[in-house]
Amino acid sequence: MALFSRVSGSVGLITLQNPPVNALSAAVRQGIVDSVKRALSDPEVKSVVICGENGVFCGGADIKEFGGNMSGPPLIPMIHAIEAANKPVVAAIEGSALGGGLELALGCHYRIAHSKARLGLPEVSLGLLPAAGGTQRLPRLIGVPAALDLITTGRHITAAEALQLGIVDQVTKQSTVNAAVNFALNVAEKPLDARRISTFPCPHSSDLDALFEEAMQKVQKSARGAIAPVACVQAVRAAATQPYNQGMEREKELMATLFTSGQARALQYCFFAQRAVGKWRMPNGACWDTSKPRPVHKVAVIGLGTMGRGILVALAQTGLSVVAVETQEMQLMEAKQAVSGMLERGAKRRGVVPTLHNITYSQNIKSVAEVDLVIEAVFEDMALKEKVFQQLSAVCKPGTFLCTNTSALDIDHLASQTGNPELVVGMHFFAPAHVMKLLEVVYGPRSSPQAVATAMHLGKKMGKIGVAVGNCRGFVGNRMLKPYIEQAFFLLEEGGTPEKIDQALEEFGFPMGVFKMSDLSGLDIGWRVRKGDGLAESSAASQQSPRIRDGRRYSPLGDLLCEQGRFGQKTGHGWYQYDKPGSQLARSDPWLHSFLEGYRAQHGLVARRIDQQEVLERCLYVLINEGFRILEDGIASGPEDIDIIYVFGYGWPRHRGGPMFYAGMVGLAKVLERLEHYHQAHPDVPYLQPCSLLRRLVASGSPPVNTWKEVIKKVRSQL
Ligand SMILES: CCCCCCC/C=C/C(=O)SCCNC(=O)CCNC(=O)[C@H](O)C(C)(C)COP(=O)(O)OP(=O)(O)OC[C@H]1O[C@@H](n2cnc3c(N)ncnc32)[C@H](O)[C@@H]1OP(=O)(O)O
């Protein structure tokens with residue numbers, strides 16, 4: 001809806017009303033069309049202001065409408081009618097003017113923004129382009145390079161940047177609507193010909209071809225197979241090279257391709273999934289809207305290795321007061337220097353003052369006595385963490401939440417080391433912890449809903465996307481990674497190479513394949529875990545066949561590399577070779593290839609050609625299968641949780657929506673059929689055996705992903 005009123009005698013005020021972000025739903029568009037007609041036909045009205053209710057101009061087209069039949073007045077003619085009006089129209093931008101919201105503002109003759117407003121054309125992140133004239137008007141207003149940057153990245157900009165670029169005419173710190181109304185009174189009689197952006201010539205640089213070639217290369221490199229950024233460049237090119245009307249035709253044509261694409265569906269699913277995970281629910285029914293977080297003013301970080309430093313930086317940047325404890329003096333000195341550097345660089349990038357004074361460093365764990373919440377980030381070793389939790393339980397004031405940053409260890413066991421297990425949760429950060437957005441908040445059977453709510457709230461403050469998950473080995477992300485890596489090892493045994501397997505995964509859209517990722521994180525990490533589990537015994541010591549453990553197929557390849565001291569990037573050798581320890585550029589390693597040949601010969605394995613399809617099916621479907629098991633076990637409350645974890649923590653290409661969404665796109669019946677096929681071929685690999693939830697979903701007609709929760713509820717109630 002939109003409300004029309006007359007203010008200051010002669011200004012028609014149109015207020016968009018669609019909380020919370022005044023998205024341009026059919027009703028809002030109808031309201032705007034009707035109000036504009038009314039304003040233009042009322043002789044008392046000399047100029048018009050468009051604003052949004054509740055301090056938000058407009059969050060853009062209503063994304064929920066994209067999934068169904070669109071009804072109501074279309075956006076493009078509506079914006080054209082505003083631009084063509086013979087009375088000045090001023091946009092009063094508060095809060096956000098995004099996507100269709102900014103395109104609406106660009107159709108107005110003037111734009112006044114509040115200093116705290118954010119503007120942008122984020123359609124690309126939804127798999128679309130600004131198809132309400134945004135790709136044609138913005139380059140005409142601010143030039144091709146700046147428009148390309150905003151449209152292909154979708155980044156939100158401040159009012160100050162918008163003023164500098166020439167997107168807005170004025171920025172105010174006062175009431176934006178009052179400023180816009182005064183502005184409208186002043187321009188009421190002014191001619192409008194020079195204010196209609198669609199009539200502007202597009203400012204040209206000398207070498208358009210080179211400019212667009214460079215832009216195309218840039219988006220293709222960063223898009224990893226996403227089609228929208230490429231279409232955005234093509235649409236802006238049309239603005240630069242064709243008259244406005246033809247450019248609009250091109251915009252429409254490109255949008256038509258994107259609009260119905262699987263990528264747009266995946267990206268829009270991710271948009272809502274990202275918001276859905278904030279509405280967490282525990283199996284006991286406790287959830288986000290009934291469990292309130294406790295205020296946290298002072299936090300402690302224990303252990304200042306790589307993870308602890310990243311967590312400390314992210315905490316300090318929130319403005320919270322932090323006590324940082326590291327018992328090793330040398331490590332403490334190094335950490336202090338590193339953290340200060342990280343905070344200074346981060347502050348410089350964001351144009352703010354570094355928050356160094358928020359941190360108190362100490363070597364004594366007793367200095368955490370007065371904090372409200374502790375994040376323990378010591379080395380991933382249960383005995384060490386047990387000791388720290390026992391100490392924390394003794395020194396912290398009553399009620400302090402105790403969180404552990406672990407990637408796999410048992411939260412409930414750690415909770416049992418304390419006097420108040422209900423105060424214990426896992427906070428699994430991803431490296432580098434001050435950069436990566438994902439946070440798994442892990443609740444054990446005794447964690448209180450308030451502890452979960454507080455950790456989720458703190459995570460949000462730190463700029464993280466928190467996903468609340470249950471306690472099991474590896475939680476969600478790493479539990480699913482295990483069968484994925486296992487399949488990659490098996491594929492090597494059967495004839496694959498790290499290069500070919502990584503290439504298949506990178507072409508799918510991962511930033512790096514499984515072997516490059518393994519080299520980056522360090523092969524010794526998995527080796528330590530396998531040794532702890534009694535799997536990575538040296539073949540001489542082992543009583544069993546080197547390729548079987550407990551009757552299951554096992555690949556000792558990773559262990560054998562570690563025995564050679566090949567730990568990945570840090571040692572200069574792993575699945576690839578590197579120029580020197582610490583280098584990042586992976587190069588094919590002839591040693592590894594002859595090692596694989598020798599290994600296959602030793603074990604009587606005959607190498608066969610493995611194509612890209614098999615790599616993807618075996619690595620991805622086995623991971624998806626484990627995702628279904630996680631849903632069945634109630635470790636994740638819905639597919640959205642798993643998908644957000646994979647998109648934000650494991651590099652799953654966002655335009656493929658996350659593993660569970662992707663399974664739906666491929667077709668659950670096909671995933672099931674291929675798993676059955678591979679399980680038949682490899683009956684000694686239990687991870688390939690299709691999970692019963694997958695079978696149930698296929699049997700119930702493969703319902704869409706957003707209805708799985710209902711099926712899962714039914715399955716669980718029958719157990
Ligand atoms: C052939 C058709 C041609 C049509 C031409 C189309 C051209 C234009 C396309 C577009 O405009 S696409 C939309 C572009 N806009 C965006 O991408 C903005 C999306 N929203 C946001 O970034 C944020 O919501 C915000 C506006 C910055 C506000 O952030 P905040 O943190 O304050 O709130 P959220 O939790 O994110 O959102 C609250 C609530 O609102 C829902 N929502 C937000 N934006 C939209 C939207 N554009 N459409 C529908 N719903 C929206 C969001 O899902 C949340 O809902 P709940 O979780 O509370 O249910």
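Atoms within a ligand are numbered from 1 in the order they appear, just like the ligands themselves.
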- [ ] Please report which non-hydrogen protein atom sits nearest to atom 2 (C) of ligand 1, along with the residue it belongs to and the distance in Å to one decimal place.
- [x] M70 CE, 4.1 Å

Open item on the list: Measuring only between side-chain heavy atoms, which start at C-beta, is L458 closer than 4.5 Å to L315?
Closed with: yes

Open item on the list: Which residue and atom name correspond to the protein heavy atom nearest atom 6 (C) of ligand 1, and how close is it?
Closed with: M255 CE, 4.0 Å

Task: Qualifying ring pair (Phe, Tyr, Trp, His ring centres under 6.0 Å) pairs, either residue in residues 127-157, two or more places apart - done: none

Task: Lys/Arg cation over aromatic Y269: R265, 6.0 Å, 45° cone - done: no

TODO: Pick one of side chain, backbone, both or neither for how E103 approaches ligand 1, counting any non-hydrogen atom pair under 4.0 Å.
DONE: side chain

- [ ] Answer yes or no: is there a donor N or O on one side and an acceptor on the other, between the side chain of E440 and the main chain of V476, under 3.5 Å?
- [x] yes

Task: Per atom 17 (O) of ligand 1, closest listed option by heavy atom (G127, P122, G95, S25) - done: P122

Open item on the list: For atom 18 (C) of ligand 1, which of the options G100, G59, A256 provides the nearest non-hydrogen atom?
Closed with: G59

Task: ligand 1 contacted by K279 (non-hydrogen, < 4.0 Å) - done: yes

Open item on the list: Below 4.0 angstrom, counting only protein heavy atoms, does anything approach atom 9 (C) of ligand 1?
Closed with: yes

Task: Verify atom 34 (P) of ligand 1: protein non-hydrogen atom under 4.0 angstrom away - done: yes

Task: Y650/F510 aromatic ring centres below 6.0 Å - done: no

Task: Closest to atom 49 (C) of ligand 1 (judged by heavy-atom distance), picking from N18, D62, L121 - done: D62

TODO: Please verify whether a non-hydrogen atom of L128 lies at under 4.0 Å from ligand 1.
DONE: no

Open item on the list: Any side-chain to backbone donor/acceptor pair from Y646 onto G477? Under 3.5 Å, distance only.
Closed with: yes

Open item on the list: For V33, give me all partners under side chain to side chain contact (heavy atoms under 4.5 Å, CB included), at least two apart in sequence or on another chain.
Closed with: K37, P73, M78

Open item on the list: Checking a contact table here: which protein heavy atom is nearest atom 24 (O) of ligand 1, and how many Å away?
Closed with: R275 NH2, 4.0 Å

Task: Contact (N/O only, under 3.5 Å) between H156 and ligand 1 - done: no

Open item on the list: Please compare L126, L129, L98 and report which has the shortest non-hydrogen distance to atom 22 (O) of ligand 1.
Closed with: L98

TODO: Would you confirm whether any non-hydrogen atom of the protein falls under 4.0 Å from atom 31 (O) of ligand 1?
DONE: no

Task: Residue that, paired with C108, satisfies side-chain contact (heavy atoms from CB on, under 4.5 Å) out of V49, V48, I50 - done: I50

- [ ] Measure the CD1-CD1 distance between I375 and I311 for me, rounded to the nearest 0.5 Å.
- [x] 5.5 Å

Open item on the list: Cation-pi check for Y244 against R140: NZ or CZ below 6.0 Å from the six-membered ring centre and within 45 degrees of the axis, yes or no?
Closed with: no

Open item on the list: Please list the nearest protein heavy atom to atom 50 (N) of ligand 1 with its residue and the distance rounded to 0.1 Å.
Closed with: K64 NZ, 3.8 Å

TODO: Check each of G134, P20, G133 against atom 40 (O) of ligand 1 and report the one with the nearest heavy atom.
DONE: P20

- [ ] Starting from atom 42 (N) of ligand 1, locate the nearest protein heavy atom and write down its residue, its atom name and how far away it is, to 0.1 Å.
- [x] V21 CG2, 4.0 Å

Open item on the list: Ring-plane angle category for F259 and F66, please: parallel below 30°, perpendicular beyond 60°, tilted otherwise.
Closed with: perpendicular

Open item on the list: Using a 3.5 Å cut-off on N or O atoms only, is I63 in polar contact with ligand 1?
Closed with: yes

